[in-house]
Amino acid sequence: MAFIPHTEGDVADMLAAIGAASIGELFDEIPPGLRVDELPGVPEAISEMAITRLMQARAAQDQGALCFIGAGAYEHHIPAAVWEITTRGEYYSAYTPYQAEASQGTLQLIYEYQSMMASLTGLDVSNASLYDGASALAEAALMAVRANRRSKARRILLPRTVPPVYARVAEAIAGTQGIEFCRVDYDTASGTTPVAALAPWENEDVTAVVIPQPTFLGSLEAVDALTDWAHARGALVIAVVNPLSLALLKPPGQWGAAGADIACGEGQPLGVPLSSGGPYFGFMTTRASHVRQMPGRIVGRTVDLDGKPGFTLTLQAREQHIRRSKATSNICTNQGLMVTAATIYMSLLGAEGLARVAASSHANTRRLVDALSALPGVERALSGPCFHESVLRFDRPVGPVLEALATRDVFGGYDLTTDFPELGHALLVCATETKTAEDIAHYAGALADVLKQQKVA
Amino acid sequence: MAFIPHTEGDVADMLAAIGAASIGELFDEIPPGLRVDELPGVPEAISEMAITRLMQARAAQDQGALCFIGAGAYEHHIPAAVWEITTRGEYYSAYTPYQAEASQGTLQLIYEYQSMMASLTGLDVSNASLYDGASALAEAALMAVRANRRSKARRILLPRTVPPVYARVAEAIAGTQGIEFCRVDYDTASGTTPVAALAPWENEDVTAVVIPQPTFLGSLEAVDALTDWAHARGALVIAVVNPLSLALLKPPGQWGAAGADIACGEGQPLGVPLSSGGPYFGFMTTRASHVRQMPGRIVGRTVDLDGKPGFTLTLQAREQHIRRSKATSNICTNQGLMVTAATIYMSLLGAEGLARVAASSHANTRRLVDALSALPGVERALSGPCFHESVLRFDRPVGPVLEALATRDVFGGYDLTTDFPELGHALLVCATETKTAEDIAHYAGALADVLKQQKVA
Amino acid sequence: MTEPLIFEHSRAGRFARAQAPVVREEVELPADCLRAEPPVLPEVSELQAVRHYTRLSQRNFSIDTHFYPLGSCTMKYNPRACNTLALQPGFRGRHPYAPASHSQGFLACMFELQEMLKGVTGMQAVSLTPMAGAQGELAGVLMIRAYHHARNETHRNEILVPDAAHGTNPATAVMCGMKVVELPTDADGDVDIAALEQAVGPNTAGIMLTNPSTVGVFERKIEQIAKIVHGAGGLLYYDGANLNAILGKVRPGDMGFDVIHMNLHKTFSTPHGGGGPGSGAVGVGARLQPFMPIPVVGREGDRYRWQDEKDLPQSIGRLSGFMGNAGVLLRAYIYMRMLGQEGMRQVGEFATLNANYLAARLKAAGFELAYPRRRASHEFIITLKRMAKDQGVTAMDVAKALLDYGFHAPTTYFPLLVPECLLIEPTETESKEALDGFIDAMCDIMERAVRDAEHLKGAPWTLPVRRLDDVRAARQLDVAWRPGSVDA
Amino acid sequence: MTEPLIFEHSRAGRFARAQAPVVREEVELPADCLRAEPPVLPEVSELQAVRHYTRLSQRNFSIDTHFYPLGSCTMKYNPRACNTLALQPGFRGRHPYAPASHSQGFLACMFELQEMLKGVTGMQAVSLTPMAGAQGELAGVLMIRAYHHARNETHRNEILVPDAAHGTNPATAVMCGMKVVELPTDADGDVDIAALEQAVGPNTAGIMLTNPSTVGVFERKIEQIAKIVHGAGGLLYYDGANLNAILGKVRPGDMGFDVIHMNLHKTFSTPHGGGGPGSGAVGVGARLQPFMPIPVVGREGDRYRWQDEKDLPQSIGRLSGFMGNAGVLLRAYIYMRMLGQEGMRQVGEFATLNANYLAARLKAAGFELAYPRRRASHEFIITLKRMAKDQGVTAMDVAKALLDYGFHAPTTYFPLLVPECLLIEPTETESKEALDGFIDAMCDIMERAVRDAEHLKGAPWTLPVRRLDDVRAARQLDVAWRPGSVDA
Ligand SMILES: Cc1ncc(COP(=O)(O)O)c(C=O)c1O
Ligand SMILES: Cc1ncc(COP(=O)(O)O)c(C=O)c1O
């Protein structure tokens, strides 16, 4: 029996202690008509060896291309130590630290994580993680509604420069609670949100304004002006940020005169592998004054009976297991192990290391854009600076170009046509620190080839 | 500075404490003429990311073939848990357990290992490892000379069925100490050593007889008769065994009337990856009465000041760090981490699991031999049973056949022509439990192809 | 010994890394976008980080080191092969937007996982995207809501929830804009049918049930409940947190549930990671299939592809940035393949055997079961109200004392309706010896409560810290270290 | 808590595995070849094995958890990338007899490693096959012997070895059929030149030296020694165990050595593995190149290939079944590439800085240095003979007491010529804070020796066991568990 340690003798002894004749008898309270014998679609057991071979083949099948896609998930070098330690059984096979004394490892680590995230975002307090960046924005919207007691409107301004899927997820999760997400237009020349685009809500009751930095298009918003606009109208500011970019960029806590009120985003760039989109983790930080409105676990430092410092879950009265229907969120299991990885990642890199990764990604993307836009039929679509993604405009539809590149084992980028039709044949490209000069030249060569072979539509 | 944690301030403080003006000054006792600045052939540092990319490319380069080579190194499935635990820092980055109280993990594990190896080989005591199987035979020969006080000859009978490289290594390591290795011929029909082949030494002073089981050719020796022959003449018996085979085969301790005196061999089949030939580990077990002649570390169970059981290195008076020029061997660092893996492997598999692996390897090799010898121009070279390797005879030179198979990503086996010319165009093949029916069919198909395309020489 | 904070290992100007790019490239960005001061992150060497986090890890109890009978959480062994294989470069490095042409290996696993989950639950279709049980619940209630709205029954805004339900159930209902109607539990742990009949009505959207329930017994009247709720026009939601108890024995789809979530990190043994990630894959019957969260994986011939809003225009939409916790899903897939049909049946059987054995032995030793007339499912409740009354030793004290015996504590004070309770779930991967050791410890504690209650109230004694001051933690909130903050 | 033996977790008939083939195939072998009874191996579940060996691991001190200043062993940080990358399937799964066509990736690494090792040592050629330092010594002395034999000087059978030498030096010489001639060390730790001049002669085969020596100082008269030994027709062997001290600063090849071994597990930071595997790669000057152990890797154009007896017909032969500890070699290669030229120079510099700082501070605190007039190399010796005399507290007591402070002990009672000695090697990867912590502990112990010597004699107090009875271990030998043997 795979993983089940009972001997025949054990079973007999145990049944005797229970006073049952068979294991089957233990199920005698289940209405007989409901019991099943077959599980259709479930194959016979295979050994670890067989599944190893199968999974090796399947992994190999998908491997080997050079990836220039970003669009919310970024390929960064992850130091080997990160996952060698993160997958230690003591982290990997523990659960939520309900028994603080038996979980000081995880608890101290989360406290350290919270400290790092607070400093990175320039805010006071952090939770212990949410599911991912997109759902974190939904939670931030719900939190803003709770925190902004002045506002009655449940209205959140959501620029189109926020990742489109974040908007969809926010709508799906928070939409049924009467929250109105108002989309704010952007300037197609720069790919950013002009303060003027907020004018329609100039005199409305706005609960919060979401400000992405960098934008989904890689561009940089005028965060100070947008923040001040919101605060001037009593709206809270929700920053959606790439945490890696904060090694270089101004932290949300310092935006405008007063700083953003909530920062959230996708934690994946901090040591979490791409792995098909998850598990990643959402992060969220805020001002101390809003801490009781924050969803998710929070770890606090305290002392034990002997006065020795230690760590424990705190402010649990916000959470579903205490407050039930009145909780700040239904979240329970979050993304603890990813936070473990991120904390180790940030410790290994430090501020200077993160800055180098960010700067190198920035420089590589610039090089990539230079190389690709030198080709006939390709041009930069947006003016202004970008962080580590940029939009290219083609003289033909992007889809077939990407397909042709894929047959050459180059993933050329993210096709913007569906979500941003007004940008034309637009492609979002990204070259992180993992890309070498040869990689970039390889992409440019492949693209030149493809463009030559494909006719302009 | 990679891995060097000093800040500039640290360096200044430390130099001040030392009373030196610079780090360079600390080298002032070295004759100036000897100092170097350049290290020719050593390139500039590259980052972890760059070396990762390089090593991934190099590993991928060598990957992907189906391997039917055995010849002393065997591809077995290694449960994932083995190396996930073995590479935990506490095992991986510790050293020889000199401070027993701070090394109870490694020490208890070695004690468990010794117990398992003793039971597997049917002998009383085991050491904590030697370098590999080949060097273990050299050490066994030296040990036999020490242990057999009756014999003055330093003469060891070494059948040709022992792996040829073992003989070479034994000669290189032990040959300078006046040990005479006498090669014993084998029967080319069965690939085994007839008792009659020992006749030349019938009335000689023989220190020890080496008996391999299975032989290098996969065949099974008449171990009982050979053992009794040796003991009847006052010679010790050194068994060279595949530890995995002992899940099924009679353990050396039960060979003949009295059992072998020393068992040794290559531990690799017990959870150690092929990894280009090492690190593997040599094992050695013997009778209790010979324990003081055994080379290598030995762990014993004892008690602490409070009477609590614990583990410690013992019988160190045999070893170089105490006995120096009179030690049983010069071995110091051995192959501890491999023993860790092997111990976990044996615990995960148990006797039944090991037997299944062995039986499955045996059955697969039979299937492989059936499939290949069904091809025209290929036949079984040896009569009699084999464990999990077997010799095939071709109607043409083996080298070009193997080369052609390799271009089809099949490693067809080990070419015996150089070491066993009397067997003709002979190839040693092996199919462990890792090979499926499809794999075997694939090999047979590829070989049929190759044989058709290549002319008979 | 205490382990200092990583920040205390930090020294300004230390940079002992091989992991970062060897130079800092120039950045051409407007000054007003840039930060003035670097963030306060540790400046430590690789060794210091490795040593610190290795030492910290040793301060955790975990399945890999301790028996961990945390009720409702199914802390069973997480096979190591699942981790090793899911972390292969081909899976680890796959971008979520990699083209389908380069994703067939991964998609095949996901498709087959969907199929297997259908088989073990008896549902019609499965979406893997929810990232934990609670998000599965959210998906489920959103689907129920979407279903009623699609039928123009927008007034159906009440969700029935037993009082013993997990906190995520009512919290989720509210997040979906529903009202929660609590149902009482009867003396034997079943839903009070009379109260249910009273509670249902024209506004009933549905009911959320766990079966076996959070009180550790199988809800015997499940078919009757289904009839009542369906009769009132409501739908049935199955909280799959306890699926381990009945795996291979009885299926929620057959009990009449319209929608379910599964906690793959529980029943299908992906690791709990110190608090996630999990997966709350949802299964649906025919009625709710159009509303499933996207994406799901479809097959056409021998090719796999993502199905999205174009395929499921009535979908409740997306709940995550990509497709959920793919890496967790791979682990569940690997686990299920290693178990197969027969292995899954054994999970339910031996989880149940272990729980009933533990319950019987503890009862025989004098502990009070909350539902003594019932079979235990894969878990059961004991109440320590007598001990609390007689010796002043609470469930919390017993939980902390167990830590000193080398056992993680069971779940305490949940469900709320049983006073001074421990919810104990041994799981099928624990041996009889482990259970016997736990029983011995419990008996010892019971005896000690009489003899030396103070010892128990002071427990734990042998861990890195003694009992922590939760009140102070909440009152003198210290949730982030700051440079210059004095270390306690 | 004690952790039982794995055998105590075993129960007859348990088989809870997914790792073995699902059936036991029939075996067609003669009955007299087969074993009658299965071996006694544990019958445990995967969880039990994982839990047991995880818990055991926590009973070790290691670099990853503790400062580990074990003199002569260079316990520095082992970068994790080396492990991860060396264990990639392409390397892990490569059969040693894979054809060269499918081995170019691996061979390229080995070739480049040979080249780098030549560069850092100043030798002409390198063979990677020896599997540890001691086997490297064996290779070296065999080469010296082969050289003299090739010149028909078979009478040269004396190897000079300083009295402070590591035990492997004399043990190796004897294994090669040589006689050992011991050389005294002078008061400042150098070889006594007068004695050397006396000792050399027509039978001198060579000298084995460590430099910096095992007493932790640089042998200043090395050029003179080389001249004397070479003048007598002998060769110089360099024991590279202490190469870390001078890496990038001075090279054995330039000092006049004819043959050297390197401990890659020390200087080049492959892990020590709880006692190996290591690697004792050897480097040779022109005279000994023909005698190198095989195989070595050669390059022809852009192809790599093994060179064996055909290429090196005078080789001393093979020392291992294949090519030595390939996986260790890969780790060393990766490490060296991450360090580069500059990084290697820093290794020597900071290893030396740390040792001299520690020595200076301990001396200032009142500890007695064995060679107070000398610079420390990467390690140094203190002698506790005064403490032993005055308070009866021995080097062993201090070593055990250090464990209670969370530090692994330095090497004790080696080299043998310094009484009550501790040989302390901090390595370059330890921070000043770690050194300061160690100094504080040592001062505390010194103070405690006066105040409460009994405490130190009873140490350690905080580890899983207190001081173990070595005498009993050797007298009542218990080196293997047997079924039925009563557990203590
Ligand atoms: C009964 C029950 N329902 C729901 C949940 C929520 O699942 P998750 O923690 O995965 O969000 C849990 C988790 O503990 C549970 O026990
Ligand atoms: C000075 C010295 N020489 C030789 C050796 C032997 O090296 P190994 O243990 O790798 O065989 C050691 C190892 O500790 C040593 O310190």
Side-chain angles (χ1 to χ4, degrees), chain B residues 5 10 14 18 34 39 41-42 44-45 55 58-59 61-63 79 89-90 92-96 101-102 104-106 115 118-120 131 134 172 176 273 275-279 300-302 304-305 309-310 312 314 320-321 324-325 327 330 333-337 347 351 353 356 359-360 363, chain D residues 19-21 24-25 35 38-42 49 56-57 59-64 85 88 90 92 96 99 105 115 119 131-132 134 167 170-172 174 177 180 250 271-278 317 321-322 325-327 340 349 357 360 431-432 463 465-466 468 472-473 478 480-481 488:
Chain B
D10 289 341
M14 293 168 81
I18 297 166
L34 289 180
L39 304 174
V42 180
E44 286 305 295
M55 296 306 278
R58 287 194 172 160
Q61 202 179 336
D62 295 351
Q63 214 177 338
E90 298 95 322
Y92 187 78
S93 74
Y95 200 21
T96 309
E101 298 82 2
Q104 287 295 297
T106 289
S115 308
S119 176
L120 203 56
Y131 299 130
T176 55
S275 58
S276 295
R301 182 155 63 163
T302 182
D304 74 0
L305 280 179
T312 185
T314 193
Q320 47 73 29
H321 61 288
R324 301 179 69 84
S325 64
N330 70 338
T333 298
N334 44 83
Q335 307 282 116
L337 199 68
S347 300
R356 288 193 196 177
S360 180
Chain D
Q19 302 95 344
R24 176 151 172 182
E25 298 213 58
R35 72 188 296 155
V40 180
L41 297 180
L56 277 193
S57 77
R59 303 179 151 235
N60 273 0
F61 280 30
S62 66
I63 306 176
D64 278 8
L85 296 174
Q88 290 181 92
R92 199 175 56 208
E115 293 300 302
M131 291 178 284
T172 299
V174 168
V180 174
V250 42
H272 284 69
F322 300 100
N325 286 337
E349 290 176 357
Y357 172 71
S431 64
K432 176 168 179 295
L463 296 190
V465 289
R466 293 192 53 213
L468 289 162
R472 174 179 155 140
D478 172 3
W481 179 89

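Computed from a predicted structure; not experimentally measured. Lettering of chains follows the sequences in order, A, B, ..., and the numbering in each one begins at 1.
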* To do: Could you tell me whether a side-chain N or O of R356(B) sits under 3.5 Å from a main-chain N or O of P21(D), the two making a donor and an acceptor?
  => yes
* Structure fact -> Closest non-hydrogen contact found for Q335(B) with M131(D) is OE1-O, 3.9 Å
* Asked: Highest number of heavy-atom pairs under 4.5 Å with chain B: which of G90(D), A49(D), G177(D)?
  -> G90(D)
* Please determine, among Q61(B), M55(B), E44(B), Q63(B), the option with the most heavy-atom pairs under 4.5 Å with chain D. => M55(B)
* To do: Find the distance between OG (S93(B)) and CD1 (I63(D)) and round it off to the nearest 0.5 Å.
  => 5.0 Å
* Structure fact -> Max heavy-atom pairs within cutoff under 4.5 Å with chain D, candidates A172(B), S119(B), S276(B), G105(B), goes to S276(B)
* Least distance between heavy atoms, P279(B) atom then G327(D) atom -> CD-N, 3.4 Å
* Asked: With respect to chain B, which residue among A132(D), S57(D), G321(D) yields the maximal number of heavy-atom pairs within a distance under 4.5 Å?
  -> S57(D)
* Considering all heavy atoms, the nearest A171(D)-Q320(B) contact -> CB-CB, 3.7 Å
* Structure fact -> F61(D) meets the ring pair (Phe, Tyr, Trp, His ring centres under 6.0 Å) criterion, sequence neighbours left out, with H66(D)
* Choice from A360(D), A134(D), G278(D) maximising heavy atom contacts with chain B below 4.5 Å -> A134(D)
* Side-chain donor or acceptor of D62(B) paired with backbone N/O of G105(D) under 3.5 Å -> yes
* Pairwise distance CG(L85(D)) to CZ(R58(B)) - rounded to 0.5 angstrom -> 12.0 Å
* Asked: Between N60(D) and Q104(B), which heavy-atom pair has the shortest distance, and what is it?
  -> OD1-N, 3.9 Å
* Asked: Do you know which of D304(B), T96(B), L337(B), I18(B) has the most heavy-atom pairs with chain D at a distance under 4.5 angstrom?
  -> D304(B)
* Pick whichever of S325(B), S360(B), G41(B) has the most heavy-atom pairs under 4.5 Å with chain D. => S325(B)
* Is it the side chain or the backbone of V465(D) that comes within 4.5 Å of chain B heavy atoms, both, or neither? -> both
* Value rounded to 0.5 Å, distance of CG in D478(D) from OG in S115(B) -> 8.0 Å
* E101(B) side chain vs L463(D) backbone, donor-acceptor pair below 3.5 Å -> no
* Structure fact -> Counting heavy-atom pairs under 4.5 Å with chain B, the top scorer among P271(D), P99(D), G317(D) is P271(D)
* **Those residues that, when tested against S431(D), pass side-chain contact (heavy atoms from CB on, under 4.5 Å) (two or more places apart)** => P5(B), R14(C), Q48(C), E433(D), A434(D)
* Could you tell me which of A359(B), G277(B), G300(B) has the largest number of non-hydrogen atom pairs under 4.5 Å with chain D? => G277(B)
* Asked: Using non-hydrogen atoms only, which part of T314(B) is less than 4.5 Å away from chain D: side chain, backbone, both, or neither?
  -> side chain
* To do: Check for a donor-acceptor pair, side chain of T302(B) on one end and backbone N or O of R472(D) on the other, with a separation under 3.5 Å.
  => no
* Residue, of A20(D), P38(D), P170(D), that accumulates the most heavy atom pairs under 4.5 Å with chain B -> P170(D)
* Asked: Which one, T312(B), L39(B), L120(B), leads in non-hydrogen pairs under 4.5 Å with chain D?
  -> L39(B)
* **Most chain B-contacting option - heavy-atom pairs closer than 4.5 Å, from L468(D), V250(D), D64(D), L41(D)** => L468(D)
* Asked: Is the backbone N or O of R59(D) less than 3.5 Å from a side-chain atom of E90(B), with the two atoms forming a donor-acceptor pair by type?
  -> no
* Asked: Where does Q88(D) contact chain B at under 4.5 Å (heavy atoms): side chain, backbone, both or neither?
  -> side chain
